[in-house]
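A short worksheet on the structure shown next.
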Amino acid sequence: MKIFQVYLIFGVFFIIGFGEAYSILDKSRYLFHTFPVSINTHQAVTSITRDRQGKMWITTEDDVMSFDGYSFVSFIRKVDKPENADRMMFNRIIPDYCGNLYLSSRYGGLFRMSADQLCFKNLFKGNVAFPCESSDHKIWLLYNEQPFVFDPATGELMKVSGMEREKGSCLYVFNNEFWVGGIAGGIFRFDTDSQRFVPFSQLFVKDMIQRIVRYGDFVYVLSDHSGLFKYDMSGVLVQHYPLSHDGKTSVYTKDMNIDSQNVMWIGVQNGLFLLDLQSGDDFFYRMIHISYIRYPITLFGLYILMKMERFGLAHTEEDWHILIIPILIIVFSPRRPKYR
């Protein structure tokens with residue numbers, strides 16, 4: 001067999017296996033790395049934060065872990081669980097100004113771990129979500145799907161009025177501005193004069209709001225499966241991003257935030273949407289296991305081998321071994337990112 005034929009076959013496999021690796025954004029800014037850890041992979045990661053010592057904290061539905069840069073340590077046995085709470089459904093962990101950690105749970109309530117202790121004490125029971133610290137060091141949260149304020153100094157839990165007609169689905173604090181999203185698409189903003197939440201705007205579809213982020217003079221609202229909505233400060237819809245892979249089917253969203261390079265990261269059901277807030281460009285990032293494409297590639301390679309044998313291009317056993325190498329590389333290659 002001629003050597004250029006070997007290189008030709010290898011090039012075909014290489015292009016097919018590693019194609020579609022670029023997008024409209026400059027991805028040299030990002031380095032994606034999959035870190036293997038021994039955690040319960042059957043549960044989704046619900047929250048990630050960093051404490052004052054630089055330690056990372058991760059929550060799943062039924063576990064809370066710390067990561068010091070070398071190993072993960074589970075703290076589930078150091079959580080003061082209420083009685084009759086078989087499942088916890090942790091959803092958020094945040095640090096406060098003095099180094100304490102607050103942990104919220106759908107079935108367990110609100111927990112706090114002091115900086116000098118290594119266990120989470122239960123402060124009160126109930127359905128708690130989205131705890132946030134205000135500038136006066138109070139904890140704003142959703143308690144039984146309604147906005148409340150918890151005073152750590154007195155232990156008092158106070159309800160904030162204004163959302164009696166709609167249940168809250170998320171709470172967001174930005175520069176002491178308080179926003180709440182509703183399960184029916186309502187967007188509410190806290191009015192300091194009346195000390196209550198007032199309607200800001202309403203999605204044009206009845207969909208639960210997952211996240212609200214303020215960026216400059218605009219408010220970005222992430223819905224459950226209708227995409228991303230951009231509003232100005234008067235509550236007028238400026239732009240709608242459907243967040244679709246194929247331009248038709250919308251994806252289910254999870255969370256979003258903005259990095260230091262003004263790129264909006266939007267977590268969806270099977271990957272990430274990244275939106276450049278300055279240029280408006282976006283691309284979809286996902287981790288594709290090579291098993292999704294290795295079988296078609298293998299069949300394609302076998303088809304080429306049979307054609308080569310038929311036309312007398314592969315004569316010896318050594319020729320076949322050379323041609324098998326590209327197939328093995330593609331089939332057993334590790335997981336790699338794919339952009340589109």
Could you walk me through whether Ile48 and Met56 pass side-chain contact (heavy atoms from CB on, under 4.5 Å), step by step? CA-CA 7 Å; Ile48 302 174; Met56 301 298 295; 3.6 Å; yes
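- A side-chain donor-acceptor contact under 3.5 Å links Asp96 to the backbone of Asn100.
- The minimum heavy-atom distance linking Val205 with Ser226 is given by the pair CG2-OG, 3.3 Å.
- One finds the CG atom of Asn122 at 11.0 Å from the CZ atom of Arg112 (value rounded to the nearest 0.5 Å).
- Of the possible polar contacts, one joining the Gln210 side chain to the Thr253 backbone as a donor-acceptor pair under 3.5 Å is found.
- The neighbour count for Asp217 CG, taken as heavy atoms of other residues, nucleotides or ligands under 6.0 Å away, does not exceed 12.
- To the nearest 0.5 angstrom, Asp51 atom CG is 8.5 Å from Ser66 atom OG.
- Between Phe174 and Tyr215, the distance from one ring center to the other does not fall under 6.0 angstrom.
- The side chain to side chain donor-acceptor pair (under 3.5 Å) search around Asp193 returns none, not counting sequence neighbours.
- Residues Trp179 and Phe197 keep their aromatic ring centres 6.0 Å or farther apart.
- Between Gln239 and Tyr231 the shortest side-chain heavy-atom distance does not fall below 4.5 Å.
- Between Val64 and Val79, the closest side-chain pair of non-hydrogen atoms falls below 4.5 Å.
- Note: Asn257 CG to Leu222 CG = 11.0 Å, rounded to the nearest 0.5 Å.
- Hydrophobic clustering (ILVMFWY, side-chain heavy atoms < 4.5 Å, transitive): Ile94 and Tyr172 are in distinct clusters.
- Without hydrogens or angle criteria, Gln195 side chain to Ser161 main chain gives no donor-acceptor distance under 3.5 Å.
- Leu237 and Met256 end up in the same hydrophobic cluster when Ile, Leu, Val, Met, Phe, Trp and Tyr side chains are linked at under 4.5 Å.
- The side-chain tip of Lys230 points at the ring of Phe218 from less than 6.0 angstrom away and within 45° of straight on.
- Partners of Arg214 under the salt bridge (Lys or Arg N to Asp or Glu O under 4.0 Å) rule, at least two apart in sequence or in another chain, are Glu177.
- In this structure, the side chains of Ile209 and Leu203 come closer than 4.5 Å at one or more pairs of heavy atoms.
- If you chain together hydrophobic residues whose side chains sit under 4.5 Å apart, Met89 and Ile183 never meet in one group.
- Nearest heavy-atom pair across Arg92 and Ser47 is CD-OG, 3.4 Å.
- Here the shortest heavy-atom pairing between Cys119 and Met113 reads O-CG, 3.3 Å.
- Residues satisfying the salt bridge (Lys or Arg N to Asp or Glu O under 4.0 Å) criterion with Asp255, sequence neighbours excluded, are Arg211.
- Thr60 and Asp63 share no donor-acceptor pair across their side chains, judged by distance under 3.5 Å alone.
- Hydrophobic cluster membership is shared by Trp140 and Phe188, with clusters built from Ile, Leu, Val, Met, Phe, Trp and Tyr side chains linked at under 4.5 angstrom.
- Two residues are said to be in side-chain contact when any heavy atoms from C-beta on lie closer than 4.5 Å; Phe72 and Ile58 meet this criterion.
- Legend: residues meeting ring-ring contact (aromatic ring centres under 6.0 Å, His included) with Phe130, ordered by chain and number and at least two apart, are absent.
- Considering all non-hydrogen atoms of both residues, Asp62 and Met88 come closest at OD1-N, 3.1 Å.
- With rounding to the nearest 0.5 angstrom, the CD1 atom of Ile139 is 7.5 Å from the CG atom of Leu110.
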Check step by step if side-chain contact (heavy atoms from CB on, under 4.5 Å) holds for Ile258 and Leu277. CA-CA 9 Å; Ile258 303 173; Leu277 298 178; 3.8 Å; yes
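- Among pairs with a residue in residues 158-172, those fulfilling salt bridge (charged side-chain N to carboxylate O under 4.0 Å, His left out) read Glu145-Lys167, at least two apart in sequence or across chains.
- Leu228 is listed as a side-chain neighbour of Ile266, based on a closest heavy-atom distance under 4.5 Å.
- If you take CZ on Phe190 and CZ on Arg196, they are separated by 10.0 Å, rounding to the nearest 0.5 Å.
- The closest donor-acceptor contact from the side chain of Ser201 to the backbone of Gly235 lies under 3.5 Å.
- Inter-residue side-chain proximity for Pro152 and Tyr102 is flagged as met; some heavy-atom pair is nearer than 4.5 Å.
- Between Trp57 and Phe120, the two ring planes are perpendicular [angle over 60°; tilted spans 30° to 60°].
- At distances below 3.5 Å, not a single donor-acceptor pair connects side-chain atoms of Ser223 with backbone N or O atoms of Asp207.
- Scanning both residues, Ile93 and Leu103, for their nearest heavy atoms gives CB-CD1, 4.1 Å.
- His137 is linked by a side chain to side chain donor-acceptor pair (under 3.5 Å) to Glu133, counting only residues two or more places apart in sequence or in another chain.
- Between Val221 and Phe200 there is no side-chain heavy-atom pair separated by less than 4.5 Å.
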Step by step, would you call Leu142 with Val128 a side-chain contact (heavy atoms from CB on, under 4.5 Å)? CA-CA 6 Å; Leu142 290 180; Val128 179; over 6 Å; no
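- Atoms OG1 and CZ, on Thr192 and Phe178 in that order, are 10.0 Å from each other to the nearest 0.5 Å.
- Considering all non-hydrogen atoms of both residues, Leu171 and Cys132 come closest at CD2-SG, 3.8 Å.
- The hydrophobic cluster containing Phe111 does not contain Phe148, counting ILVMFWY residues as joined when their side-chain heavy atoms lie under 4.5 angstrom apart, directly or transitively.
- Side-chain atoms of Lys138 and Phe150, non-hydrogen and from C-beta on, never get closer than 4.5 Å to each other.
- In terms of modelled atom types and a separation under 3.5 Å, the side chain of Ser169 and the main chain of Gly182 share a donor-acceptor contact.
- The only option from Thr46, Asn127, Asn91 that meets the side chain to side chain donor-acceptor pair (under 3.5 Å) definition with Ser104 turns out to be Asn91.
- Between Phe124 and Tyr143, the gap from one ring centroid to the other is short of 6.0 Å.
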